[in-house]
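My questions all concern the structure below.
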Amino acid sequence: MTGAAQTARVASRSPRIDGDRLLTLVCVGLPLIGLLLFFLYPMAIVFLRSLTTADGSYGLGNYAEVLGSSGFWRATRHSLIMGGATTVLSVVLGFVIAHGLYRCAFRGKRVIRAVIVLPLLAPSLVQALGLIFLLGRNGLMNRFFGLEIEIYGFWGLLFANTLYALPQAVMIIGAALVLLDARTYEAAEVIGATPARQFRDLTLPAARFGILNAAFVTFTITITDFGNAAVIGGDYSVLATEIYSQVIGQRNFNMGAVVGIMLLLPTVLSYYIERQAMKRQQGQQATNAQPFVPLFAALRDLPMAGLCLAICAAIGAVIGIVVYASFVRLWPYNLSLTPRHYDITLAGVYSSLWITILISLMAAAGGTLAVFLLGIGLRRLPRALMQPIQLLAAMPAAVPGMVLGLAYILTFNSTATPLYLLYGTAALIAIVNFYHYHTQAFLTVMTGFRQLPPALEEAAGSLGAGMGRIAVNIIAPFVAPMLVSVFFFLFMRSMVTLSAVVFLTTPHLSVAAVTIMRLDDVGLTSQAAAFSTCVMGVVCIALLGMKALLAYLGRRSAREKAD
């Protein structure tokens with residue numbers, strides 16, 4: 001090749017190289033700016049407000065006042081006790097269901113899998129509503145069996161939180177059990193180990209990190225949840241309701257910031273331990289493990305099937321009673337059915353449903369695009385730059401939704417920053433919903449990127465394709481199932497979240513979960529049930545749409561491989 005030809009070739013390549021670098025900068029820069037503006041900056045504001053005293057100076061006076069308050073220590077003690085009790089109960093029940101699904105042989109597993117996800121399809125306070133309809137003063141159990149169960153307070157909140165956290169425990173423990181190598185159990189049978197010995201020496205040790213992971217996830221969910229505590233907690237105050245009382249009830253934002261910072265401590269510690277447990281679990285996974293196919297054993301499987309179905313019956317009863325009560329004419333005195341409660345008298349209720357759908361679509365579309373761009377950009381960065389950005393992208397999971405929502409109202413409700421223009425808009429609620437669940441979305445997409453064979457990108461690059469074309473034609477089709485899962489995950493969680501948005505609604509802009517809480521607060525419990533049913537209906541449609549789209553992508557991928 002002549003010198004002129006080589007010069008021409010280099011000149012023809014240089015614009016593409018510059019374009020790839022510019023695209024890498026955009027892919028990393030835009031999501032990184034978002035993390036800085038909508039996560040780190042608000043959290044810094046919360047910390048500064050917690051140090052701001054009444055005269056505008058900085059000091060530890062707010063902390064001294066809070067730590068000297070008996071109400072704070074009572075709420076802290078209640079939160080820790082509730083978190084611990086819910087964690088134990090959720091992990092035990094979750095292990096029972098996960099063991100039944102993956103280590104036992106009986107019919108009805110599809111029904112169990114369908115029922116166990118129901119609490120994820122509704123705002124957390126729906127579990128509390130269902131328990132009130134079942135076990136409250138005018139609940140079915142009290143009315144028809146003459147019982148006098150007091151559901152408000154510790155026990156009601158414990159049951160509600162357990163139902164809310166149980167699906168998470170089942171999924172995490174199930175993910176650990178499904179990866180156990182069948183060959184290990186075959187070897188144990190050959191040497192004569194009994195099923196009880198196999199369970200003690202093989203199943204429990206192999207699943208211990210999954211159990212530990214589930215424990216810390218359920219603890220974090222419980223200690224930071226606001227919806228159930230607000231509806232059924234009664235006089236049993238917890239840290240989440242304490243923050244709400246300081247900010248909404250007393251308009252004491254500085255004290256609310258202090259309680260928020262204090263709430264961060266156990267959740268950050270829990271998140272750190274949970275991440276370490278997950279790493280240990282992933283490090284023990286065998287890449288060529290053989291799936292375990294259980295054989296029917298009556299002494300093991302029949303009791304397990306009964307336990308699993310009993311737990312699912314309780315979940316179905318709590319969710320189902322909310323749907324049923326939405327059609328009852330006058331609960332619990334006249335149980336004839338009528339749709340009149342769907343004609344909700346509180347102004348602007350159904351507009352909040354449509355606004356929530358719009359907000360959820362915004363959070364899902366924008367969030368999916370953001371994590372996809374970040375994933376593409378990180379693949380082109382050196383490891384020294386990639387690791388701190390990945391750490392920052394994973395940090396939002398350690399921040400409770402209520403603390404993040406408090407950070408947003410402190411940050412965006414101030415005219416000292418141009419970001420004030422976002423306050424009171426649907427866009428800001430969509431943003432907080434995205435960053436509330438940013439970690440889960442980011443990790444899901446990165447899982448898809450790690451499965452992408454490097455040879456595909458290398459082959460496309462050798463044919464002259466730039467980074468943009470590779471992203472559109474190679475990467476996006478490959479990770480499409482992950483992107484679909486992230487989109488619908490963000491949509492469904494945005495539809496039902498409460499704690500992250502409760503501070504950001506206004507008289508002119510509300511969301512579905514807050515509307516349910518307000519309906520219950522003013523005594524319109526049947527209408528709250530009706531509106532909850534509408535929200536659950538939208539989320540169920542989204543879930544079915546996700547499954548249909550994923551099935552279509554799977555069939556298309558199979559056809560392409562066959563061709």
Side-chain angles (χ1 to χ4, degrees), residues 74-101 116-120 124-125 127-128 131 153-177 203-233 236-242 262-281 307-308 310-312 314-315 318 397-403 439-440 498-499:
R74 182 175 62 253
T76 302
R77 183 175 64 253
H78 288 174
S79 291
L80 294 176
I81 293 173
M82 180 58 62
T86 303
T87 297
V88 171
L89 191 56
S90 298
V91 170
V92 170
L93 297 180
F95 184 85
V96 168
I97 295 177
H99 190 271
L101 290 176
I116 201 66
V117 301
L118 288 179
L120 298 178
S124 62
L125 53 82
Q127 282 73 237
L131 287 172
F154 174 82
W155 292 107
L157 187 55
L158 174 63
F159 294 148
N161 283 337
T162 300
L163 292 177
Y164 183 56
L166 185 58
Q168 304 278 357
V170 172
M171 289 188 290
I172 295 171
I173 298 173
L177 293 178
T203 303
L204 283 179
R208 66 184 184 277
F209 291 117
I211 295 172
L212 184 62
N213 187 11
F216 285 104
V217 168
T218 54
F219 178 82
T220 302
I221 290 173
T222 302
I223 203 172
T224 61
D225 179 65
F226 171 71
N228 284 325
V231 173
I232 206 171
Y236 194 84
S237 61
V238 293
L239 287 174
T241 54
E242 185 71 14
M262 302 301 289
L263 182 58
L264 272 178
L265 299 180
T267 55
V268 168
L269 178 62
S270 175
Y271 173 74
Y272 172 76
I273 299 175
E274 179 262 328
R275 296 305 301 172
Q276 295 302 312
M278 182 175 291
K279 289 179 182 179
R280 295 288 296 273
Q281 178 183 338
L307 283 173
C308 292
I311 296 169
C312 289
I315 296 173
V318 170
V399 179
M402 177 148 281
V403 176
T439 302
Q440 296 91 324
L498 172 63
S499 58

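The chain is numbered in sequence order, starting from 1.
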Give every donor-acceptor pair under 3.5 Å between a side-chain atom in residues 167-177 and any protein atom, sequence neighbours left out.
none

Practice prompt. Could I get the full list of side chain to side chain donor-acceptor pair (under 3.5 Å) partners for T220, not counting sequence neighbours?
Written response: S270
Fill in: Any residue meeting side chain to side chain contact (heavy atoms under 4.5 Å, CB included) with S499, in chain and number order, not counting sequence neighbours
F226, M402, H436
Response to the item:
Nearest heavy-atom approach of I97 to C308 is CA-SG, 3.7 Å
Discussion item. Going by side chain to side chain contact (heavy atoms under 4.5 Å, CB included), name the residues that satisfy it together with A314, two or more places apart in sequence or in a different chain.
Written reply: none
Worksheet item: What pairs with F159 under ring pair (Phe, Tyr, Trp, His ring centres under 6.0 Å), at least two apart in sequence or on another chain?
Response: none
Item to complete: For S90 and T218, indicate whether the former's side chain and the latter's backbone hold a donor-acceptor pair under 3.5 Å.
Response: no
Worksheet item: Has the side chain of T224 got a donor or acceptor atom that lies under 3.5 Å from a matching backbone atom of P400?
Response: no
Discussion item. Once side chain to side chain contact (heavy atoms under 4.5 Å, CB included) is applied, do any residues pair with I81, and if so which ones, sequence neighbours excluded?
Written reply: R77, F154, Y236
Discussion item. Can you confirm whether T76 sits close enough to M262 that some side-chain heavy atom of one is under 4.5 Å from a side-chain heavy atom of the other?
Written reply: no
Worksheet entry | Test item: H78 side-chain N/O and V238 main-chain N/O as donor-acceptor pair under 3.5 Å | no
Worksheet, complete the sentence: Sorted by chain and number, sequence neighbours left out, ring pair (Phe, Tyr, Trp, His ring centres under 6.0 Å) with H99 holds for F95, F199
Response to the item:
Rounded to the nearest 0.5 angstrom, the CD-CD1 distance for Q127 and I232 is 10.5 Å
Practice prompt. Step by step, work out the side-chain contact (heavy atoms from CB on, under 4.5 Å) result for L158 and W155.
Written response: CA-CA 5 Å; L158 174 63; W155 292 107; 3.8 Å; yes
Worksheet item: What's the shortest heavy-atom distance between A230 and T241, and which atoms?
Response: N-CG2, 4.3 Å
Practice prompt. Working to the nearest 0.5 Å, report the span between CG of L239 and CG of L263.
Written response: 5.5 Å
Response to the item:
Applying side chain to side chain contact (heavy atoms under 4.5 Å, CB included) to V318 and not counting sequence neighbours gives L131, L134, L163
Worksheet item: CG/L101 to CD1/I116 distance, rounded to the nearest 0.5 angstrom?
Response: 8.0 Å
Discussion item. I'd like to check the side chain to side chain donor-acceptor pair (under 3.5 Å) partners of S124; sequence neighbours left out, ordered by chain and number.
Written reply: D225
Worksheet entry | From OG1 (T222) to CG (N161), nearest 0.5 Å | 5.0 Å
Worksheet item: Can you tell me how far OG1 of T162 sits from CE of M82, rounded to the nearest 0.5 angstrom?
Response: 8.5 Å
Worksheet, complete the sentence: Scanning both residues in full, the closest heavy-atom pair of S237 with R74 reads OG-NE, 3.8 Å
Item to complete: Applying side-chain contact (heavy atoms from CB on, under 4.5 Å), run through F219 and L80 and close with a yes or a no.
Response: CA-CA 9 Å; F219 178 82; L80 294 176; 4.1 Å; yes
